[in-house]
There are 2 protein chains.
Amino acid sequence: MSDDWIFRFQGLSRLPDRIKGILATRSQVIRMRKGTVIFGPGNSPENLLFLLDGTVRVQQLAENGREIVLYRVQAGESCVMTTACLLAYEDYSAEGVAETDITAAAIPRTVFDDLISQSKEFRTFVFSAYSRRITDLFHVIEDIAFQRMDIRLAQKLLALGQGGVVKATHQQLAAELGTAREVISRQLSEFQRRDWIKQSRGTIEVLDAGSIARLAGTEAA
Amino acid sequence: MSDDWIFRFQGLSRLPDRIKGILATRSQVIRMRKGTVIFGPGNSPENLLFLLDGTVRVQQLAENGREIVLYRVQAGESCVMTTACLLAYEDYSAEGVAETDITAAAIPRTVFDDLISQSKEFRTFVFSAYSRRITDLFHVIEDIAFQRMDIRLAQKLLALGQGGVVKATHQQLAAELGTAREVISRQLSEFQRRDWIKQSRGTIEVLDAGSIARLAGTEAA
DNA sequence: CTGCTTTGGTGACATGGTCACTGAAGACGC
DNA sequence: GCGTCTTCAGTGACCATGTCACCAAAGCAG
């Protein structure tokens with residue numbers, strides 16, 4: 001298998017050749033289909049995964065069927081933390097799902113440990129990944145605890161809206177924000193009443209991004 | 001300064017002598033008074049702290065004055081993550097406060113890096129600490145997003161109730177759970193109406209721990 | 001076209017958060 | 001002791017959010 005992927009990893013491209021060699025020879029590139037559950041309750045993978053291509057969504061499930069997206073792992077980021085985390089403590093109700101078809105490099109734990117011990121750059125890379133996750137989680141907590149739903153929804157629409165169109169069902173948006181579908185439906189109805197959006201089944205067309213950004217508090221930026 | 005503290009650190013007592021030596025000689029034991037803000041917006045300490053004695057509360061503040069406790073760092077645990085985290089990314093609205101008088105070992109980042117690279121046991125210790133924090137945050141998110149307030153308050157009363165008495169104001173309980181004082185007052189009034197507790201200024205006496213545990217869902221345990 | 005599944009809409013109600021204000025309990029100075 | 005001040009707790013009105021039950025419309029499969 002080619003070791004090209006090492007060079008696409010942000011933060012890893014300047015590693016010493018010796019480290020790159022270890023990464024390239026002792027990892028295995030694997031592919032998974034969109035929708036695959038990569039880890040979940042009672043199911044942590046043996047190896048650590050570095051995501052080379054695609055996106056992984058990490059979400060928390062509740063008994064009553066509600067769910068919330070905790071964060072996403074993008075290509076070029078490491079999945080390390082999630083797996084290390086679930087390994088260290090008992091299995092948990094969070095799960096990671098391939099949001100697209102994905103490609104990943106699987107690295108045995110022992111190799112990961114070697115790399116941590118031998119490369120300062122690798123350590124920086126891994127600790128940055130952890131830090132990023134934790135600040136992501138801080139943001140999520142701040143949002144659910146203190147922010148109004150209309151504002152959170154406006155922010156989400158802007159974040160998802162590529163080319164002014166959001167392709168998502170109300171249920172999916174509810175899961176993103178950890179709320180109920182009806183709440184999303186009502187908020188979107190209100191947005192539509194103000195002519196900020198136009199809804200059709202499964203898609204939301206953003207008509208007035210300015211007003212939405214103003215509500216989201218993103219106006220200054 | 002004595003290096004006794006190394007032996008009190010869970011997970012560190014079996015480190016190679018060489019590593020213990022580094023910890024003992026290259027760290028500095030410091031003390032802080034109860035209430036000291038250890039880190040906060042725009043204020044990350046230079047060194048990493050290992051908490052030797054006392055408790056540190058890490059909380060998130062909102063603009064409107066509301067707050068929520070994210071987790072606590074106990075003696076014998078590492079503060080590493082919080083500081084590493086705040087270093088890696090821009091300053092954030094979370095802060096760490098000494099909940100008691102505390103004693104800590106301050107370790108320069110370079111020494112920390114040396115230790116990580118040289119000791120497998122130290123790596124395990126640090127990664128376990130990170131993992132613990134992340135699972136703590138998962139729990140907080142699950143709670144705020146999905147759990148009813150009466151249940152959360154019941155759990156908190158049981159967790160805080162030493163000898164059947166909780167010494168806390170309604171405002172403090174509200175901050176623990178990330179809600180408003182009025183909400184706590186109403187819930188406690190209801191608990192009192194059911195003769196589960198008896199309230200007086202600043203303290204709550206638990207009269208019927210069984211009923212509270214039943215509400216909290218802790219009964220089976 | 002017909003029936004099925006998914007998606008979205010709605011009203012009624014329960015819970016939680018905000019605001020404005022009140023009163024009670026302890027702290028402090030005298 | 002007595003007044004004053006500050007902190008803490010109680011309350012009603014109102015708005016925001018979550019839950020439940022149910023219906024209607026849009027797409028899909030046969």
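So that the names make sense, note that chain A is the first sequence line, chain B the second, and so on, each numbered from 1. This is a predicted model, so every value here is computed, not measured.
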Distance-only polar pair, side chains of [X] and [Y], donor-acceptor under 3.5 Å:
X: Glu95(A); Y: Gln59(A); value: yes
X: Gln199(B); Y: His170(B); value: yes
X: Glu142(B); Y: Gln147(B); value: no

Please report the distance, rounded to the nearest Å, between [atom1] in [X] and [atom2] in [N].
X: Arg152(A); N: dA16(D); atom1: CZ; atom2: P; value: 16 Å
X: Glu190(B); N: dT11(D); atom1: CD; atom2: P; value: 12 Å
X: Ile144(A); N: dG18(D); atom1: CD1; atom2: P; value: 10 Å
X: Arg148(A); N: dC14(D); atom1: CZ; atom2: C1'; value: 13 Å

Does [X] come within less than 4.0 Å of [Y], counting only side-chain N to carboxylate O?
X: Arg194(A); Y: Glu190(A); value: yes
X: Arg152(A); Y: Asp143(A); value: yes
X: Glu176(A); Y: Arg72(A); value: yes
X: Arg33(A); Y: Asp101(A); value: yes

Take Gln192(B) and Arg66(A), find for each the nucleotide of DNA chain D with the closest heavy atom, and name the residue whose nucleotide sits nearer the 5' end.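 It is Gln192(B) whose nearest nucleotide is closer to the 5' end.
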First-last contacting nucleotides on DNA chain C - partner chain A, under 4.0 angstrom, heavy atom: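 Result: dT6(C) to dA12(C).
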Is His170(B) near enough to dT7(D) that one of its side-chain N or O atoms lies under 4.0 angstrom from OP1 or OP2? no
Within less than 4.0 Å of OP1 or OP2 of dC8(D), is there a side-chain N or O belonging to Gln199(B)?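 For Gln199(B), the contact criterion (side-chain N or O under 4.0 Å from OP1 or OP2 of dC8(D)) is not met.
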Heavy-atom closest contact ([X] atom, [Y] atom, distance):
X: Leu215(A); Y: Ile151(A); value: O-CG1, 3.6 Å
X: Gly54(B); Y: Ile102(B); value: CA-CG2, 3.9 Å
X: Leu207(B); Y: Asp195(B); value: CB-O, 3.8 Å

With nearest nucleotides of DNA chain C determined for Ala145(A) and Leu188(A) from heavy-atom distances, which residue corresponds to the more 5′ nucleotide? Leu188(A)
Would you classify Gln172(A) as touching base, sugar-phosphate or nothing, given that sugar-phosphate means primed atoms plus P, OP1 and OP2, and contacts are heavy atoms under 4.0 Å?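 No contact at all - Gln172(A) keeps every heavy atom at 4.0 Å or more from the nucleic acid.
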Base versus backbone protein contacts along nucleotides 20-30 of chain D [heavy-atom cut-off under 4.0 Å; B, S, -]: BB---BBS---
Please tell me whether Phe127(B) and Phe127(A) form a close aromatic pair, meaning their ring centres lie under 6.0 Å apart.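 Centroid separation for Phe127(B) and Phe127(A): below 6.0 Å.
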Between the two ends of the helix from dC1(C)-dG30(D) to dC30(C)-dG1(D), what is the bend in degrees, rounded to 10 degrees, where each end axis spans five pairs? 30°
